[in-house]
K.L.:
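Can you keep this structure in mind? I'll have questions shortly.
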Amino acid sequence: MSKISKAFENKKVFVGFLTAGDPSLDKTEEFIIEMAEAGAGIIEIGIPFSDPIAESTIIQEANVRALSAPRGCTTDMVFDMVERVSKKVDVPLVFVTYLNPVFKYGYDNFCKKCQETGISGIVIPDMPYEEAKEITDIASSYDVDIISTVASTSMDRVKMIAKEAKGYVMILSSAKAFREDELPEDITDVLDNIHSVTDVPVVMGSGIKNPDQVLKYGPLAEGIIVKSAIVKLIAKYGEEAGPYIRKYIKNMAIL
């Protein structure tokens with residue numbers, strides 16, 4: 001059983017996200033520890049990229065801040081930070097990145113480095129399902145899960161992707177719906193279709209930002225993810241964001 005699968009054993013999971021290098025890699029390491037101690041069951045770490053098209057404006061700005069640091073923020077620098085922090089936390093760490101940086105690094109080299117530094121999974125939001133085989137078999141050989149993402153555009157496609165999912169399936173739901181505090185109309189259909197073909201846990205989010213929403217939507221899936229709200233705290237408080245992140249996640253990790 002993978003480390004990610006163990007995280008979901010007999011419980012629901014709060015998944016937190018932050019961008020590596022925002023405001024610095026030393027602070028990212030500190031914030032990851034705060035998140036784990038506050039109750040995050042899985043932590044996603046964004047590798048800064050110049051064109052993070054799948055992310056909100058808030059997270060895009062975090063990428064710019066990280067890449068604009070005096071020393072920059074390279075993939076190898078992120079790996080070095082993860083290698084340190086993975087020895088200090090017990091929760092699974094998951095990279096969020098894009099296909100081009102992984103391709104350029106080399107699929108085998110990247111996945112091998114993930115295993116060596118303590119990364120349990122990778123989310124690659126711009127990788128089409130039809131091209132996933134290029135990396136999924138390599139990742140499996142290093143015990144790294146490639147996390148599948150699905151949208152509600154086609155239920156047949158949802159089933160097709162979910163059948164081969166590992167780690168967890170992340171639903172790319174409408175942030176607008178959560179802002180208006182309304183459940184996306186088709187979310188139950190998406191969940192039913194996923195659960196009909198796999199036992200892999202499902203994580204949903206994209207706009208959840210307060211405890212009331214966690215209690216409202218949490219029972220529908222095996223996990224809830226919060227991304228922009230945490231990154232917004234880091235943008236607001238910078239190097240002093242640690243205590244604010246800890247307090248926020250303690251209030252949110254109530255599944």
Side-chain angles (χ1 to χ4, degrees), residues 2-4 15-37 40 42-56 58-127 135 138-139 142-147 149 167 170 225-228 230-235 238-239 241-242 245 249:
S2 73
K3 191 169 184 179
I4 291 174
V15 183
F17 170 92
L18 78 176
T19 300
D22 179 31
S24 70
L25 284 168
D26 287 343
K27 284 295 171 179
T28 300
E29 182 176 346
E30 176 189 316
F31 297 162
I32 289 170
I33 294 169
E34 294 277 10
M35 292 167 73
E37 291 180 348
I42 294 173
I43 298 172
E44 291 188 352
I45 303 164
I47 298 178
F49 183 52
S50 57
D51 191 23
I53 55 173
E55 302 294 359
S56 67
I58 292 166
I59 296 173
Q60 289 177 9
E61 290 170 352
N63 279 256
V64 171
R65 289 193 297 271
L67 292 171
S68 302
R71 293 176 56 229
C73 188
T74 67
T75 300
D76 279 327
M77 291 165 68
V78 177
F79 271 126
D80 289 343
M81 180 276 296
V82 167
E83 187 171 21
R84 294 192 303 271
V85 78
S86 65
K87 296 178 174 66
K88 301 174 184 178
V89 298
D90 293 327
V91 303
L93 303 177
V94 173
F95 271 153
V96 179
T97 185
Y98 287 81
L99 192 56
N100 187 59
V102 181
F103 175 78
K104 186 175 180 181
Y105 205 93
Y107 294 150
D108 192 86
N109 288 338
F110 191 90
C111 294
K112 182 173 184 285
K113 194 74 171 177
C114 284
Q115 184 188 54
E116 291 172 348
T117 57
I119 290 292
S120 298
I122 313 169
V123 181
I124 309 175
D126 66 337
M127 180 176 67
I135 187 172
I138 296 170
Y142 290 107
D143 298 318
V144 175
D145 293 332
I146 300 297
I147 307 302
T149 58
M170 188 157 53
I225 184 168
V226 173
K227 299 181 69 172
S228 293
I230 297 171
V231 175
K232 189 180 277 189
L233 287 174
I234 295 170
E239 294 191 352
I245 294 170
I249 290 180

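Values below: all heavy atoms of this structure, side chains included; hydrogens, waters and symmetry mates excluded.
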K.L.:
Given side-chain contact (heavy atoms from CB on, under 4.5 Å), test Val78 with Cys73 step by step and report yes or no.
P.N.:
CA-CA 7 Å; Val78 177; Cys73 188; 3.7 Å; yes

K.L.:
Where is the tightest heavy-atom contact between Leu25 and Met81, given as atom of each residue plus distance?
P.N.:
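Shortest heavy-atom contact: O-CG, 3.6 Å.
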
K.L.:
How far apart are the closest heavy atoms of Cys111 and Val144, and which atoms are they?
P.N.:
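Result for this residue pair: O-CG2, 4.0 Å.
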
K.L.:
Compare all side-chain heavy atoms of Thr28 with those of Asp22 and state whether any distance is below 4.5 angstrom.
P.N.:
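SC-SC contact between Thr28 and Asp22 ruled out.
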
K.L.:
Look up atom OH in Tyr142 and atom NZ in Lys113, then write down how far apart they are to the nearest 0.5 Å.
P.N.:
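Tyr142 atom OH to Lys113 atom NZ measures 12.5 Å (nearest 0.5 Å).
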
K.L.:
What residues form a side chain to side chain contact (heavy atoms under 4.5 Å, CB included) with Met127, not counting sequence neighbours?
P.N.:
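By the side chain to side chain contact (heavy atoms under 4.5 Å, CB included) rule, Met127 matches Leu99, Ile124, Ala132, Ile135, Ile146.
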
K.L.:
Taking the side chain as C-beta and beyond, is there a heavy-atom pair between Phe17 and Ile230 under 4.5 Å?
P.N.:
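They are not in contact (no side-chain heavy atoms under 4.5 Å apart), so the answer is no.
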
K.L.:
Would you please name every residue forming a ring pair (Phe, Tyr, Trp, His ring centres under 6.0 Å) with Phe79, sequence neighbours left out?
P.N.:
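Checked Phe79 against ring pair (Phe, Tyr, Trp, His ring centres under 6.0 Å); matches are Phe95, Tyr105, Phe110.
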
K.L.:
Heavy atoms only: give me the nearest Ala235-Arg65 pair and the separation to one decimal.
P.N.:
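Nearest pair, atom of Ala235 first, then Arg65: CB-NH2, 3.5 Å.
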
K.L.:
Quick check: closest heavy atoms across Ala40 and Ile43, and the distance to 0.1 Å?
P.N.:
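Smallest interatomic distance, heavy atoms only, reads CB-CG1, 4.0 Å.
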
K.L.:
Output the distance between atom CD (Glu44) and atom OG1 (Thr19), rounded to the nearest 0.5 Å.
P.N.:
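Those atoms lie 11.0 Å apart.
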
K.L.:
If only atom types and distance count, is the side chain of Glu34 paired as donor or acceptor with the main-chain N or O of Ile245 below 3.5 Å?
P.N.:
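Not confirmed, Glu34 side chain does not pair with Ile245 backbone.
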
K.L.:
Of the non-hydrogen atoms in Met35 and Gly16, which two are nearest, and what is the gap between them?
P.N.:
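That closest heavy-atom pairing would be CE-C, 3.6 Å.
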
K.L.:
If you measure from CD1 on Ile147 to OG on Ser120, what distance do you get to the nearest 0.5 Å?
P.N.:
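With rounding to 0.5 Å, CD1 (Ile147) is 9.0 Å from OG (Ser120).
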
K.L.:
Could you tell me the separation between the CG atom of Leu18 and the CD1 atom of Ile59, rounded to the nearest 0.5 Å?
P.N.:
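Here the interatomic distance stands at 10.0 Å.
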
K.L.:
In residues 45-55, what donor-acceptor pairs under 3.5 Å come from side-chain atoms, sequence neighbours left out?
P.N.:
from, atom 1, to, atom 2, distance (Å)
Glu55, OE1, Lys227, NZ, 3.1
Glu55, OE2, Lys227, NZ, 3.3

K.L.:
Can you tell me how far apart CG (Asp145) and CD1 (Ile4) are? Round to the nearest 0.5 Å.
P.N.:
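So the CG of Asp145 and the CD1 of Ile4 are separated by 4.5 Å.
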
K.L.:
According to salt bridge (Lys or Arg N to Asp or Glu O under 4.0 Å), who are the partners of Lys27, at least two apart in sequence or on a separate chain?
P.N.:
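With sequence neighbours excluded, Lys27 shows a salt bridge (Lys or Arg N to Asp or Glu O under 4.0 Å) to Glu30, given in chain and number order.
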
K.L.:
Give every donor-acceptor pair under 3.5 Å between a side-chain atom in residues 84-94 and any protein atom, sequence neighbours left out.
P.N.:
from, atom 1, to, atom 2, distance (Å)
Arg84, NE, Glu29, OE1, 3.0
Arg84, NH2, Glu29, OE1, 3.3
Ser86, OG, Val82, O, 3.1
Ser86, OG, Glu83, O, 3.2
Ser86, OG, Thr117, O, 2.8
Lys87, NZ, Glu83, O, 3.2
Lys88, NZ, Glu29, OE2, 2.5

K.L.:
List in chain and number order the residues that pass side-chain hydrogen bond (donor to acceptor under 3.5 Å, both in side chains) with Ser228, two or more places apart in sequence or in another chain; answer none if no residue qualifies.
P.N.:
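Partners of Ser228 under the side-chain hydrogen bond (donor to acceptor under 3.5 Å, both in side chains) test: Ser56.
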
K.L.:
For the atom pair CZ (Phe31) and CG (Asp26), what is the distance rounded to the nearest 0.5 Å?
P.N.:
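It comes to 10.5 Å.
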
